[in-house]
Amino acid sequence: MPKAKVTFQDVGVTVTVPAGTRLIEVSEKVGAGITYGCREGECCTCLTRIVSGHEHLAPPSVLEDQVLKDNLAPRHHRLACQAQVLGGEIVVKPA
Amino acid sequence: MPGLVSPDGALELAPGVHWIGALDPTLRSFDIILKTANGTSYNAYCVRGSAGVAVIDTVKESFGDTFFRRLESVADYGEIRAIVLNHLEPDHSGALPELLRRAPGARLYISSRGQMMLKGLLHGDRLAFTPVQTGDGIDLGDRHLRFLKTPYLHWPDTQCTWLEEEGFLFSGDVFGCHFCDARMFNDAVGDFRFSFEYYYAHIMRPFRAHVLEALELIEPLPLKLIAPAHGPILRDAPGRYVARYRELSASGLKNEAADEKTLLVFYLSAYGNTRAMAEAVATGAEAAGGVRVSLYDIEGGEVSPFVDLIEEADGLVFGSPTINGDAVKPVWDLLSSLTAVNVRGKLGAAFGSYGWSGEAVPMVENRLRGLKLRVPMPGVRARLIPTGAELDECRELGRNLALHLTGRMAATTIDMAALA
């Protein structure tokens with residue numbers, strides 16, 4: 001299975017994950033400062049800055065895209081509960 | 001005394017600008033979390049311009065009849081071209097559906113962050129509205145409303161509305177308080193200073209970083225009056241209340257080590273075992289250097305000053321023994337009080353001695369995560385009397401916390417399969 005590397009910059013931890021993993025599945029386990037509310041892609045609490053490697057995430061769904069727009073999310077920001085890792089190296093930090 | 005509210009009449013703030021809200025003098029508890037010793041008011045306003053009328057906020061649904069009578073005393077529904085909601089919480093939006101029914105020609109203006117809440121309130125109604133932010137406005141002919149985006153005061157959707165020509169700020173919950181007095185104006189009502197500060201402490205304090213951002217927008221305004229969504233209308237020296245918000249949003253305690261990171265180690269101990277672990281955590285952090293470490297026995301303190309300290313700290317460690325499968329009550333009392341301040345992103349950890357099962361440490365860690373702290377290091381548990389090796393683990397935990405706080409923690413790479 002293809003692997004990816006996700007670095008949670010605020011705690012200095014890099015995790016090797018299988019492709020298809022969502023950020024939410026890892027960030028809490030390493031104690032990163034990304035925080036969650038609804039966990040369903042609606043509340044925007046888990047807005048996360050993709051420092052690098054945004055192209056290695058699956059594009060946002062229609063729902064995520066709308067929530068990002070409603071909340072005026074800056075460029076290269078994603079919802080950690082929705083964003084799915086495809087491969088490569090990705091660096092993230094809390095928004 | 002001018003300004004006494006009549007049962008059905010609107011209260012004039014300036015020609016063509018009226019308070020049309022409702023008084024709720026018998027309320028004794030607001031949103032479960034606030035005491036209201038003499039009730040509250042739900043303040044709504046009506047602004048008349050040469051090109052139409054704007055209604056700013058509504059009232060709690062059960063007070064709709066009073067609100068509509070007051071509104072009808074100063075405007076016809078056909079004249080209303082704008083409805084502004086500075087905040088969509090039900091005590092301000094309760095009469096919105098009926099107002100929209102009565103004034104079908106009105107356009108609704110809410111902050112861009114209010115759209116999700118509006119969907120929740122109107123349950124899928126296909127309602128046309130205009131999302132607005134700072135710089136947007138409404139032209140009422142000879143009067144103009146301008147919006148200030150002031151999120152998280154105290155919901156994501158909150159905003160203020162500025163009436164340019166009069167120098168009036170319709171501030172939503174900002175500068176409000178739960179205080180019910182039919183004399184309405186701050187220079188006419190009873191002493192509401194306690195209510196003002198109590199309201200800030202419980203509603204605005206968790207968001208004080210956002211309060212400071214909002215003050216950057218509000219302080220430059222040539223304010224003549226602040227019209228909040230609850231409590232007295234501030235016409236006498238409104239700038240004093242703005243200045244007080246800045247004071248209240250500053251650090252409560254002077255930190256002599258402001259340039260240093262701070263780590264607070266809290267513990268409770270029945271037989272001295274968790275205390276020994278706490279001392280080891282503190283020693284380890286001290287030895288790493290660069291961090292101001294403080295050690296507190298929760299049993300010897302009170303919650304409120306600890307909360308003040310925690311608000312200012314960078315890192316928090318909690319030590320609790322496990323008794324009957326749980327962390328002990330004073331730890332929960334302190335942890336349950338932290339919603340009154342912003343602890344998001346602080347560094348957290350837990351440790352503790354136990355006899356049988358040791359649930360306290362993971363339970364406290366989960367609570368810290370729930371409070372939105374970072375908890376990157378697993379806690380340390382010791383069965384009864386900690387061994388030398390377990391105290392070494394505590395010192396290592398303290399050292400690693402200090403390294404994290406000072407940016408000296410070595411980066412690590414792990415495989416997801418190794419994560420619990």
Side-chain angles (χ1 to χ4, degrees), chain A residues 1-49 51 63-64 66-73 79-80 85 89-95, chain B residues 110-120 129 131-134 136 149 151-152 155-157 314-315 342-350 362 365-366 368-379 397 400-401 403-420:
Chain A
M1 181 178 288
K3 293 272 190 177
K5 279 189 174 178
V6 182
T7 298
F8 296 89
Q9 203 174 54
D10 67 331
V11 289
V13 176
T14 301
V15 187
T16 307
V17 303
T21 303
R22 291 180 196 273
L23 294 178
I24 188 174
E25 295 174 58
V26 195
S27 72
E28 287 181 307
K29 289 179 179 170
V30 300
I34 299 168
T35 56
Y36 296 91
C38 70
R39 297 165 185 266
E40 294 176 351
E42 286 194 349
C43 74
C44 205
T45 302
C46 62
L47 187 68
T48 298
R49 183 177 159 201
V51 179
L63 168 71
E64 184 187 350
Q66 188 59 48
V67 171
L68 292 170
K69 280 180 186 156
D70 288 350
N71 288 280
L72 308 176
L79 301 181
V85 173
E89 295 187 6
I90 301 157
V91 179
V92 303
K93 62 187 285 190
Chain B
I110 61 173
S111 83
S112 52
R113 299 293 298 270
Q115 298 173 71
M116 300 300 284
M117 283 120 192
L118 190 67
K119 287 176 192 169
F129 62 89
V132 295
Q133 53 185 312
T134 303
D136 293 336
K149 184 182 172 192
Y152 297 104
W155 273 21
D157 68 308
D314 300 295
N342 180 18
V343 292
R344 180 175 180 157
K346 294 183 192 292
L347 193 63
E365 287 176 326
N366 281 335
L368 296 178
R369 291 188 190 100
L371 286 165
K372 307 188 189 311
L373 274 79
R374 293 176 292 145
V375 188
M377 280 160 294
L397 174 62
N400 286 338
L401 288 166
L403 294 179
H404 249 295
L405 287 172
T406 52
R408 292 178 288 158
M409 189 74 182
T412 57
T413 300
I414 49 179
D415 191 89
M416 189 171 168
L419 293 171

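Predicted, not measured: the structure shown is a model, and the values here were computed from it. First the proteins, then the strands, lettered A, B, ... as listed; each starts at 1.
- For the pair Pro131(B) and Ser112(B), the tightest heavy-atom approach, listed with the atom from each and the gap, is CB-CA, 3.8 Å.
- Of the possible donor and acceptor atoms, none in the side chain of Gln66(A) sits under 3.5 Å from a partner among the backbone N and O of Leu63(A).
- When atom types are taken as modelled, the side chain of Thr134(B) and the backbone of Lys149(B) share a donor-acceptor pair closer than 3.5 angstrom.
- Between chain B and the options Pro94(A), Ser27(A), Gly33(A), heavy-atom pairs under 4.5 Å are most frequent for Gly33(A).
- Proximity of a side-chain donor or acceptor of Thr21(A) to a complementary backbone N or O of Ala19(A) within less than 3.5 Å is not detected.
- Here Tyr152(B) pairs with His210(B) under the ring pair (Phe, Tyr, Trp, His ring centres under 6.0 Å) rule; sequence neighbours left out.
- For residues 8-27 of chain A, the set of pairs meeting the salt bridge (charged side-chain N to carboxylate O under 4.0 Å, His left out) definition, not counting sequence neighbours, is empty.
- Chain A forms more heavy-atom pairs under 4.5 Å with one residue of Arg113(B), Arg369(B), Met409(B) than with any other, namely Arg113(B).
- The CG atom of Asn400(B) lies 11.0 Å from the CZ atom of Arg408(B); values are rounded to the nearest 0.5 Å.
- With a 4.5 Å cut-off on non-hydrogen atoms, Tyr36(A) touches chain B through its backbone but not through its side chain.
- Salt bridge Lys3(A)/Asp415(B): present, at least one basic N to carboxylate O contact under 4.0 Å.
- Contacts between residues 37-45 of chain A and chain B, counted as heavy-atom pairs separated by less than 4.5 Å, involve Glu42(A), Thr45(A).
- Counting heavy-atom pairs under 4.5 Å between each of Val375(B), Leu368(B), Thr412(B) and chain A puts Thr412(B) at the top.
- Distance check, rounded to the nearest 0.5 Å: CG of Leu72(A) to CD of Gln133(B) gives 5.0 Å.
- Taking 4.5 Å as the heavy-atom cut-off, the residues of residues 342-350 of chain B that approach chain A are Arg344(B), ordered by number.
- With hydrogens and angles ignored, the 3.5 Å screen pairs a side-chain donor or acceptor of Glu365(B) with a backbone N or O of Gly379(B).
- Here the OG atom belonging to Ser111(B) is positioned 5.0 Å from the CG atom belonging to Asp157(B), to the nearest 0.5 angstrom.
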